[in-house]
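Structure first, commentary second.
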There are 2 protein chains.
Amino acid sequence: MIGERKKKILRAITDDYISLGEPIGSRTIARKYNLGVGPATIRNEMADLEENGYLEQPHTSAGRIPSDKGYRFYVDALMSIEDLTSGELETIRKEYAVANREIEDLLRITAKIISNISNYTALVLGPQLQKTAFRHIQMIQIAPDEVLVLLVVDPGLVETRVVQIGSAISQRELDDMVSFLNRHLFGLTLREVERTLIEELKKRFFAYNDLVKEAVELLLKGLRNKPSERVYIDGVSNILGYPEFYDLNKAKSLFNLIENEHILSNVLQNATSTSGVRVTIGKENVREEIQDCSIITATYEVRGQVIGTIGLIGPKRMNYSKVVTLLEYIATGLSETLKKGN
Amino acid sequence: MIGERKKKILRAITDDYISLGEPIGSRTIARKYNLGVGPATIRNEMADLEENGYLEQPHTSAGRIPSDKGYRFYVDALMSIEDLTSGELETIRKEYAVANREIEDLLRITAKIISNISNYTALVLGPQLQKTAFRHIQMIQIAPDEVLVLLVVDPGLVETRVVQIGSAISQRELDDMVSFLNRHLFGLTLREVERTLIEELKKRFFAYNDLVKEAVELLLKGLRNKPSERVYIDGVSNILGYPEFYDLNKAKSLFNLIENEHILSNVLQNATSTSGVRVTIGKENVREEIQDCSIITATYEVRGQVIGTIGLIGPKRMNYSKVVTLLEYIATGLSETLKKGN
DNA sequence: TATTAGCACTCTTACTGTAAGAGTGCTAAT
DNA sequence: ATTAGCACTCTTACAGTAAGAGTGCTAATA
């Protein structure tokens, strides 16, 4: 186990490095934080901490900086909770006040708030339709060969999609199908629909197989990648403010990843498995491009079911205590809002 | 007027600078381009060109680079047309092949293609609904206090929006209103609707004023800022590849602007007034953040009516001949595709 | 035994001077 | 009108130096 004094030192170094961005030496610690011991003692402790992998040295005669393991320990055991200031709370309230009820708007504004307050890059993943519950479906013929499929799911989302159909179909047939779907699918999550009902559906509507196939496919997969499932990003330029990205190659490869919605959404979805705030530090990230970064995520839910993720990405040297509080707060608020809209 | 030899020299300098990014000296010109004259002569010509504002010198003993005026002259009068390579044409074909019929997808892929081929940052502005023509509207009650408004406009776009209504309304009343709207508005652009009909509509449906007001508002303004009207951006990270953005402050302020959809959309809409390719160089841009950049835009249309803009942004030192060809080609293709989808 | 003072050592950074290279402008010659 | 020649300017790269920060080790101390 790690001793009490070592903890204090590790914490001091991490706090200092997070706010200043420069390696910390033993003298500085002794001066700034009153630990009641001299620099030499601190040096010894630091040497120990380095040996145990909590600290590293950029070069021989520099001060120490936290390693990934050091940050991890800091986040799990050392950091104090930093509340949001009243100004920040006010900002959040104001921004949300202008949002209309559309989910897209809500997510976009959420991303904006996160990036503005944190000064990192915000990532907001829309609700995963797969986890939402079927409420009802409607199909409306808008042209001889075009049908608008309208799906309403439980956390108050409305998704629409225009489907091109091969063969003509009467509104009567459509109605028939729709009423069947509505009767049988109500309340199921789309994932359950996928697992249990797809075959039955296909059999039942064998007659107009073409459209059913399309409709069901649509219901299950086609609605993926709809606006609500997108990744909303804000504050990309914030990243350029941190000296760790003065190396343009790093910045470029990071930007590249952020631009790739597909990869990004994967990275974020890892966090959706468990509820709550999750911190992923440096090399803990699977993707190489972000192993100099930390990603913080939080989940939002509807009816106790996690359906989406919000988060942010920034340098490892991140104000963890602040962003954890922030994301927790925003995620809770978002869950509330979605419940009301329901 | 500017002499023939001066033109050759200006062109040589511009070409060279565009591809290499370094100031060009008289010797280099004399060696690389066979103009039949020595460096000293070229020096004199260059001094003239500088005096007339076509060239500038980063510092006393450096070579020359084109000024904004120089680039302008180059684009208007000097540059040769650079065709797309067969590989590039193939790339375009392939990318579009995977697009489904949804407009959003189409625009997203368009942005991707532009940024991949040009290596600059692509900006694609969706169709301006104001300029599209009303085809038909539908209103569907999906909850006691929610109505889905479905608007189909002429270049094959379907826009939907869920409206919260204050007072209850029967489906019969909705139908009444809808049929009136469909009878009277068919074929008008949304702008015309706005100008001529709004008062009449309000009078006519005075009885259920609340919903009408909402519906009309929606029709005219509410659908703004819908997905199709967004700005699609791709290849932001490309910009970091150009040495002119090694200055992180420049890069940051540019990124900031690109992230601000509102500003960006304004910048692009300037170009929508006239049809065709438009080149805006350096200080010709109104916004300060992009006065080191050039923006190239092209318009796409439906039924001879310009409804949207595609474009890209990059350093002034840009491969103009290539990107002009590229945007022209893509814009034409996009217009075609939209016509078919219609 | 734990702590500390002292000191030699290492590494970075900022500054200086120097030399090479590129390009210019001017003048005089062609 | 063009060009050759030359002195001049400015940038860049390089090397050397000094200052500063921080370390690790050893010996002294409470």
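Bear in mind the structure is a predicted one, so any value in this text is a computation, not a measurement. Sequence lines set the chain letters: A, B, ... in the order given, protein chains first and strands last, and positions in each chain run from 1.
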Check: Which of these nucleotides, dT24(C), dG24(D), dC10(D), is closest to any side-chain atom of Gln57(A)?
Finding: dG24(D)
Notebook entry, point to check: Any side-chain heavy atom of Asp15(B) within less than 4.5 Å of one from Tyr74(B)?
Noted result: yes
Note to self: Measure CG/Leu49(A) against P/dG22(D) and give the value in whole Å, please.
What the structure shows: 17 Å
Check: Is atom CD of Gln57(A) surrounded by more than 12 heavy atoms (other residues, nucleotides or ligands) closer than 6.0 Å?
Finding: yes
Margin query: Just N and O in the side chain of Arg64(B): are any of them under 4.0 Å from OP1 or OP2 of dT24(C)?
Written below: yes
Notebook entry, point to check: Do the side chain of Arg43(B) and the base of dG25(C) come within less than 3.5 angstrom through a donor-acceptor pair of N or O atoms?
Noted result: yes
Notebook entry, point to check: For the side chain of Thr41(B), counting heavy atoms from C-beta on, which of dG25(C), dT2(D), dT4(C) is nearest?
Noted result: dT2(D)
Next item on the list: Would you tell me whether Tyr320(A) and Thr14(A) have side-chain atoms, one donor and one acceptor, within less than 3.5 Å of each other?
Entry: no
Margin query: Under a 3.5 Å cut-off for both contacts, is dG22(D) paired Watson-Crick or G-U wobble with anything, and if yes, with which nucleotide?
Written below: dC9(C)
Notebook entry, point to check: Has His59(A) got more than 12 heavy atoms of other residues, nucleotides or ligands less than 6.0 Å from its NE2?
Noted result: yes
Margin query: Using OP1 and OP2 only, check whether a side-chain N or O of Arg5(B) sits under 4.0 Å from dT2(D).
Written below: yes
Margin query: Looking only at the side chains, is there a donor atom on one of Tyr54(B) and Asp48(B) sitting less than 3.5 Å from an acceptor on the other?
Written below: no
Checklist line | Of Ser26(A) and Gly36(B), the one whose closest DNA chain D nucleotide lies more 5' | finding: Gly36(B)
Check: Rounded to whole angstroms, how far apart are CE on Met46(A) and P on dA21(D)?
Finding: 15 Å
Notebook entry, point to check: If we call it a pair only when both distances are under 3.5 Å in a Watson-Crick or G-U wobble match, what pairs with dG17(C)?
Noted result: dC14(D)
Next item on the list: Grab the CG-C1' distance between Asp16(B) and dG23(C) for me, whole Å please.
Entry: 15 Å
Next item on the list: State the pairing partner of dA28(C); accept Watson-Crick or G-U wobble contacts with both distances under 3.5 Å, and report none otherwise.
Entry: dT3(D)
Next item on the list: When you get a sec, tell me which of dA22(C), dT3(D), dT12(C) is the closest nucleotide to the side chain of His59(A)?
Entry: dT12(C)
Checklist line | Which nucleotide in dG25(C), dT23(D), dG22(D) has an atom nearest any side-chain atom of Ala47(B) | finding: dG25(C)
Item checked: Whole-Å distance separating the CG atom of Asn44(A) from the P atom of dG22(D) -> 17 Å
Note to self: If I take atom CD1 in residue Ile42(B) and atom P in nucleotide dG23(C), what distance separates them, rounded to the nearest angstrom?
What the structure shows: 12 Å
Check: Which whole-number value in Å describes the distance from Asp48(A) CG to dT3(C) P?
Finding: 11 Å
Margin query: Distance criterion of 3.5 Å, no angle test: do you see the side chain of Thr60(B) paired donor-to-acceptor with the base of dT9(D)?
Written below: no
Next item on the list: Nearest whole angstrom, please: distance from the P of dG20(D) to the CD of Glu22(A).
Entry: 16 Å
Next item on the list: Can you tell me the distance, in whole Å, between the CD atom of Glu50(A) and the C1' atom of dG24(D)?
Entry: 11 Å
Item checked: Salt bridge present between Glu284(B) and Arg72(B) (N-O < 4.0 angstrom) -> yes
Next item on the list: Describe the nucleic acid contact of Ala40(A) in one word from base, sugar-phosphate, nothing, applying a heavy-atom distance below 4.0 Å.
Entry: base
